[in-house]
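Count residues from 1 along the sequence.
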Amino acid sequence: MPRRHPIVHYGRHVRAVAARRFRHGPRLPGWGFAHEVVQSVMREQFARTGAPPAKVRRRIDAAAQVSPKRGCDIVWGDLEGVSSAMVAPRRRRTDRLMLYLHGGGYVFGSPRSHQVLLTGIAREAGGRVLALDYRLAPEHPCPAA
């Protein structure tokens, strides 16, 4: 069976965000459509009590994959045993490198869930962004991250 694009699973969120943006505009200045769809999925997943964190993380990462990587290349790799993503604008200044540690309270988030933000940072700064996919709680309690 062919794999469906992740956006198929989030059509309800896409429609709701489109309707809300039509009536009220972006939730915050500068937020793109894809960013708002990911935020909508995250809000729903957080509201569902009892969902294991790993399942919520997978859904959030899948929802974030609908976003385009406008003008950037993303290389996934391993840095000293830690999964990482190097995001580089196609028009880059090679002398700039930023380290990005995603938010999520050490429970949620990954370079995949933050790729819209990472590509925006890389493009605007004109340099590469290194994002680490560090270990998260509750599977890895503090100070494991």
Side-chain angles (χ1 to χ4, degrees), residues 1-80 82-140 145:
M1 176 182 224
R3 186 170 182 220
R4 293 189 295 174
H5 194 279
I7 200 165
V8 172
H9 302 289
Y10 302 106
R12 180 171 41 87
H13 295 279
V14 170
R15 289 188 300 275
V17 167
R20 200 197 56 68
R21 283 177 69 105
F22 179 75
R23 288 190 306 272
H24 306 290
R27 197 170 282 282
L28 288 175
W31 275 23
F33 183 78
H35 186 93
E36 286 195 44
V37 170
V38 171
Q39 292 293 321
S40 176
V41 172
M42 289 174 69
R43 279 192 302 275
E44 178 184 277
Q45 295 301 316
F46 285 129
R48 287 185 183 180
T49 58
K55 186 174 185 178
V56 175
R57 286 186 210 121
R58 282 193 303 273
R59 288 181 179 164
I60 291 169
D61 286 352
Q65 298 307 307
V66 303
S67 61
K69 294 129 182 105
R70 294 177 289 248
C72 290
D73 295 314
I74 301 177
V75 177
W76 301 93
D78 186 76
L79 182 67
E80 299 292 324
V82 177
S83 177
S84 63
M86 180 68 75
V87 182
R90 293 195 182 103
R91 296 180 188 165
R92 74 185 105 195
R93 288 182 46 171
T94 57
D95 61 333
R96 290 189 177 171
L97 174 64
M98 292 158 275
L99 173 63
Y100 181 83
L101 301 173
H102 65 78
Y106 297 103
V107 178
F108 293 99
S110 72
R112 282 179 172 68
S113 67
H114 285 70
Q115 68 184 359
V116 171
L117 180 61
L118 292 170
T119 56
I121 292 171
R123 276 194 326 272
E124 292 298 317
R128 296 169 295 154
V129 178
L130 174 64
L132 301 177
D133 193 9
Y134 50 83
R135 298 177 293 184
L136 301 172
E139 294 92 338
H140 304 282

Under the rule for side-chain contact (heavy atoms from CB on, under 4.5 Å), what residues qualify as partners of [X], not counting sequence neighbours?
{"X": "Leu117", "result": "Tyr100, His114, Ile121"}
{"X": "Ser84", "result": "Leu79, Leu130, Leu132"}
{"X": "Arg21", "result": "Val17, Pro26, Phe33, Glu36"}

Please name the pair of heavy atoms, one in [X] and one in [Y], separated by the smallest distance, quoted to 0.1 Å.
{"X": "Val82", "Y": "Asp133", "value": "CG1-O, 4.0 Å"}
{"X": "Gly126", "Y": "Pro89", "value": "C-CG, 4.1 Å"}
{"X": "Ala125", "Y": "Met98", "value": "CB-CE, 3.4 Å"}
{"X": "Pro111", "Y": "Ala85", "value": "CB-CB, 3.9 Å"}
{"X": "Cys72", "Y": "Arg90", "value": "O-NH2, 3.2 Å"}
{"X": "Glu139", "Y": "Ala54", "value": "OE2-CB, 3.8 Å"}

Roughly how far apart are Arg128 CZ and Leu99 CG, rounded to 0.5 Å?
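With rounding to 0.5 Å, CZ (Arg128) is 12.5 Å from CG (Leu99).
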CD/Gln115 to OG/Ser110 distance, rounded to the nearest 0.5 angstrom?
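The distance works out to 8.5 Å.
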Partner residues of Arg112 under the side chain to side chain donor-acceptor pair (under 3.5 Å) criterion, sequence neighbours left out:
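With neighbours one apart ignored, the set is empty.
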Please check this pair: side chain of Arg123 against backbone of Gly71, looking for a donor-acceptor N/O pair closer than 3.5 Å.
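No; judged by distance alone, with no hydrogens or angles, the pair does not exist.
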